[in-house]
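Worksheet: one structure, shown below.
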There are 2 protein chains.
Amino acid sequence: MSQRILVVDDDPGIVAAISPALRAQGYDVAIASDGEAALHLFQQYAPDLILLDLVMPALNGIAVCQQIRQHSATPIIVVSVKGAEADIVTALDNGADDYLVKPFRLSELLARIRAVLRRGQTTQARIYCADLVIDTNRRVVLREGKLVNLTPIEYAVLAELVAHRDGVVTARQIVQRVWGPQYLDSTDYVKGVIRRLRTKLEPDPSHPRYIITEPYVGYRFNDSATIQESAE
Amino acid sequence: MSQRILVVDDDPGIVAAISPALRAQGYDVAIASDGEAALHLFQQYAPDLILLDLVMPALNGIAVCQQIRQHSATPIIVVSVKGAEADIVTALDNGADDYLVKPFRLSELLARIRAVLRRGQTTQARIYCADLVIDTNRRVVLREGKLVNLTPIEYAVLAELVAHRDGVVTARQIVQRVWGPQYLDSTDYVKGVIRRLRTKLEPDPSHPRYIITEPYVGYRFNDSATIQESAE
DNA sequence: GCAATTTTTCACCGGTTTTTCACCGCTCGA
DNA sequence: TCGAGCGGTGAAAAACCGGTGAAAAATTGC
């Protein structure tokens with residue numbers, strides 16, 4: 001389901017320039033040409049982000065900002081020809097999340113949209129993998145719904161593997177990030193921790209599903225939950 | 001309790017211009033003059049926001065962004081002389097939350113800081129948790145409807161725990177925020193205060209419900225009033 | 001200035017974690 | 001075929017962490 005953007009601008013030229021570009025990026029776009037319509041559409045359309053012009057008939061941009069902020073935290077990017085310091089400060093202090101002065105570069109607008117939307121995301125905190133749930137926000141790991149007790153080093157190593165899941169992480173990389181650069185040659189640590197992680201996480205520790213050894217390379221966290229039944 | 005900003009810039013002139021202004025606004029300011037120092041201070045100082053220059057010795061701004069984003073969602077505002085479209089897009093797509101081109105207007109920077117910090121806030125004045133009521137506005141704590149007498153330090157530590165309820169707070173973080181960065185290694189303080197808090201708040205201080213120890217990690221304020229009857 | 005409270009300091013205990021080391025089997029390449 | 005290097009295993013030693021108690025030092029209120 002694509003994200004929805006409400007474009008509020010009374011200049012048809014601007015709208016005609018922006019909306020196709022947004023649609024091309026995969027966003028759903030709705031358009032309002034004055035403040036009243038903006039508030040109405042905000043209710044109806046429930047956008048994920050609002051692109052808001054300041055100078056408008058019916059209700060100006062600042063007023064729209066304030067109204068919306070009374071009930072909602074939906075991100076707002078103000079786009080305006082007014083580039084004066086006071087305008088920018090006023091808009092930001094009245095609830096705008098970002099401010100872009102016209103004329104602007106399209107790719108910058110798109111980047112700022114991405115940045116603002118990213119911020120709103122509840123940082124992809126949870127990773128599901130077969131019967132494993134890793135909640136990086138609360139720093140907990142669940143196996144079959146039950147909490148697994150991980151020590152700090154165990155968790156740090158697991159986090160490192162998960163952060164690069166699908167890619168291989170070398171023992172040196174793990175030591176580097178978990179113990180620090182000065183321990184670069186003591187890759188023995190990793191062996192021990194990997195073992196403990198496997199006994200705690202793997203259904204069958206001697207035939208790991210999640211923490212896979214890539215011989216002579218490193219370890220890999222197996223995200224694709226497809227279980228590989230190796231015929232041995 | 002003021003919010004902390006980490007200023008990362010290798011130009012002493014810029015730093016000299018910005019930091020006093022930030023301090024005048026009531027922010028706590030730490031300064032790093034290269035990327036390595038920035039990452040180190042990020043760990044130590046745990047800032048609420050980062051002002052990041054792009055051009056730096058040791059490790060450039062984009063790299064710093066990426067490193068920080070691997071583990072954290074702390075807001076980053078990039079401040080740079082580079083105003084090219086590509087620079088802006090690159091920075092925003094690598095985790096920056098906002099981008100400001102030097103030279104900038106100070107009041108605009110401050111407004112953008114406010115806008116970005118506003119996002120992260122979840123101000124909730126009153127926290128109810130079983131028979132505990134914590135009113136952060138009036139700075140009082142009630143237990144079974146009765147006022148609990150907390151000393152300033154006790155309250156500050158509790159507030160710190162409550163602010164991150166459901167998340168774990170390390171002893172270092174607590175010391176950092178309550179006593180200040182210069183006490184970073186005297187985590188003994190925390191033990192004492194936690195003990196006193198438990199005797200004052202917990203129905204059964206030796207089996208805490210509210211202030212839970214997460215071994216080898218830190219303490220967690222248990223918001224979900226569900227009492228965990230551990231079988232064993 | 002004195003008494004009560006609060007904060008800091010310190011040493012100890014029990015439990016857990018981390019580190020270290022020796023050994024084993026396997027694979028790769030000479 | 002053999003040796004070297006890599007990864008897995010096991011177990012003991014060392015380090016660490018959090019809780020406790022108690023006393024010294026600092027702060028506060030009267």
Side-chain angles (χ1 to χ4, degrees), chain A residues 139 141 147-158 160-161 168-175 177-180 182-202 204-222 230 232, chain B residues 139 141 147-158 160-161 168-175 177-180 182-202 204-222 230 232:
Chain A
R139 210 214 83 115
V141 176
L147 200 135
V148 182
N149 215 11
L150 291 189
T151 69
I153 288 207
E154 285 163 11
Y155 183 84
V157 171
L158 178 64
E160 194 56 27
L161 290 171
V168 184
V169 189
T170 68
R172 285 174 64 89
Q173 278 179 298
I174 293 175
V175 171
R177 294 202 72 96
V178 175
W179 280 265
Q182 62 272 37
Y183 290 80
L184 257 183
D185 292 319
S186 346
T187 49
D188 261 10
Y189 295 168
V190 180
K191 288 201 295 189
V193 178
I194 292 284
R195 173 168 39 142
R196 278 181 280 146
L197 273 175
R198 280 177 175 157
T199 62
K200 289 187 179 179
L201 297 181
E202 299 281 355
D204 177 3
S206 49
H207 299 96
R209 270 195 220 171
Y210 306 124
I211 300 172
I212 311 291
T213 302
E214 298 286 355
Y216 305 95
V217 188
Y219 299 93
R220 179 171 56 81
F221 188 85
N222 189 13
S230 67
E232 32 164 342
Chain B
R139 210 215 84 114
V141 176
L147 199 134
V148 182
N149 209 15
L150 291 189
T151 69
I153 288 207
E154 284 164 10
Y155 183 83
V157 171
L158 179 64
E160 191 57 28
L161 290 171
V168 185
V169 190
T170 68
R172 286 174 66 90
Q173 280 179 298
I174 294 173
V175 170
R177 294 196 85 103
V178 175
W179 280 266
Q182 61 273 34
Y183 290 81
L184 256 181
D185 291 320
S186 345
T187 48
D188 263 10
Y189 296 169
V190 179
K191 288 201 295 191
V193 178
I194 291 285
R195 176 167 34 149
R196 279 180 281 143
L197 274 174
R198 280 177 175 157
T199 62
K200 289 187 178 180
L201 298 180
E202 298 281 356
D204 177 3
S206 51
H207 298 96
R209 270 197 220 171
Y210 306 124
I211 301 173
I212 310 290
T213 301
E214 298 286 356
Y216 304 95
V217 189
Y219 299 93
R220 179 171 56 83
F221 189 84
N222 190 13
S230 67
E232 70 182 297

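Chain naming here is simple, since letters A, B, ... match the order of the sequence lines and numbering starts at 1 in each.
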Exercise. Would you say dT7(C) has OP1 or OP2 under 4.0 Å from some side-chain N or O of Thr151(B)?
Worked result: yes

Problem set entry | side-chain N/O Trp179(A) vs dT18(C) OP1/OP2, d < 4.0 Å | no

Rounded to the Å, how far apart are [X] [atom1] and [N] [atom2]?
{"X": "Glu214(A)", "N": "dC6(D)", "atom1": "CD", "atom2": "C1'", "value": "14 Å"}
{"X": "Leu150(A)", "N": "dT16(C)", "atom1": "CG", "atom2": "C1'", "value": "14 Å"}
{"X": "Tyr216(A)", "N": "dG25(C)", "atom1": "OH", "atom2": "C1'", "value": "11 Å"}
{"X": "Ile212(A)", "N": "dG7(D)", "atom1": "CD1", "atom2": "P", "value": "14 Å"}
{"X": "Ile211(B)", "N": "dG19(D)", "atom1": "CD1", "atom2": "P", "value": "10 Å"}
{"X": "Leu197(B)", "N": "dT6(C)", "atom1": "CG", "atom2": "C1'", "value": "13 Å"}
{"X": "Arg196(B)", "N": "dT7(C)", "atom1": "CZ", "atom2": "P", "value": "5 Å"}
{"X": "Asp188(B)", "N": "dA24(D)", "atom1": "CG", "atom2": "P", "value": "18 Å"}

Exercise. With distance as the sole test, does Glu214(B) use its side chain to make a donor-acceptor pair with the main-chain N or O of Arg220(B) at under 3.5 Å?
Worked result: no

Problem set entry | Main-chain N/O of Thr199(A) paired with Glu202(A) side-chain donor or acceptor, under 3.5 Å | no

Exercise. What distance do Thr151(A) atom OG1 and Arg196(A) atom CZ have between them, rounded to the nearest 0.5 Å?
Worked result: 5.5 Å

Can you figure out which of [options] approaches the side chain of [X] most closely?
{"X": "Tyr189(B)", "options": "dT18(C), dT8(C), dC28(C)", "result": "dT8(C)"}
{"X": "Lys191(B)", "options": "dT27(C), dA11(C), dT9(D)", "result": "dA11(C)"}
{"X": "Thr213(A)", "options": "dT18(C), dG7(D), dC17(D)", "result": "dG7(D)"}
{"X": "Ile153(A)", "options": "dC28(C), dC21(C), dT18(C)", "result": "dT18(C)"}
{"X": "Glu154(B)", "options": "dG5(D), dT19(C), dT7(C)", "result": "dT7(C)"}

For this session: Name the nucleic acid region contacted by Tyr219(B), choosing base, sugar-phosphate or nothing; use a 4.0 angstrom heavy-atom cut-off, strictly under.
Result: sugar-phosphate

For this session: Check every strand shown and say whether Pro215(B) touches a base, only sugar-phosphate, or nothing at a heavy-atom separation below 4.0 Å.
Result: nothing

Problem set entry | dG8(D) base / Arg198(A) side chain donor-acceptor hit below 3.5 Å | no

For this session: Tell whether Arg195(B) reaches the base of dG18(D) with its side chain through a donor-acceptor pair below 3.5 angstrom.
Result: no

Exercise. Under 3.5 Å, is there a donor-acceptor pair between the Ser186(B) and Arg172(B) side chains?
Worked result: no

For this session: Considering only NZ, NE, NH1 and NH2 on the basic side and carboxylate oxygens on the acidic side, decide whether Arg209(A) and Asp204(A) come within less than 4.0 Å.
Result: no

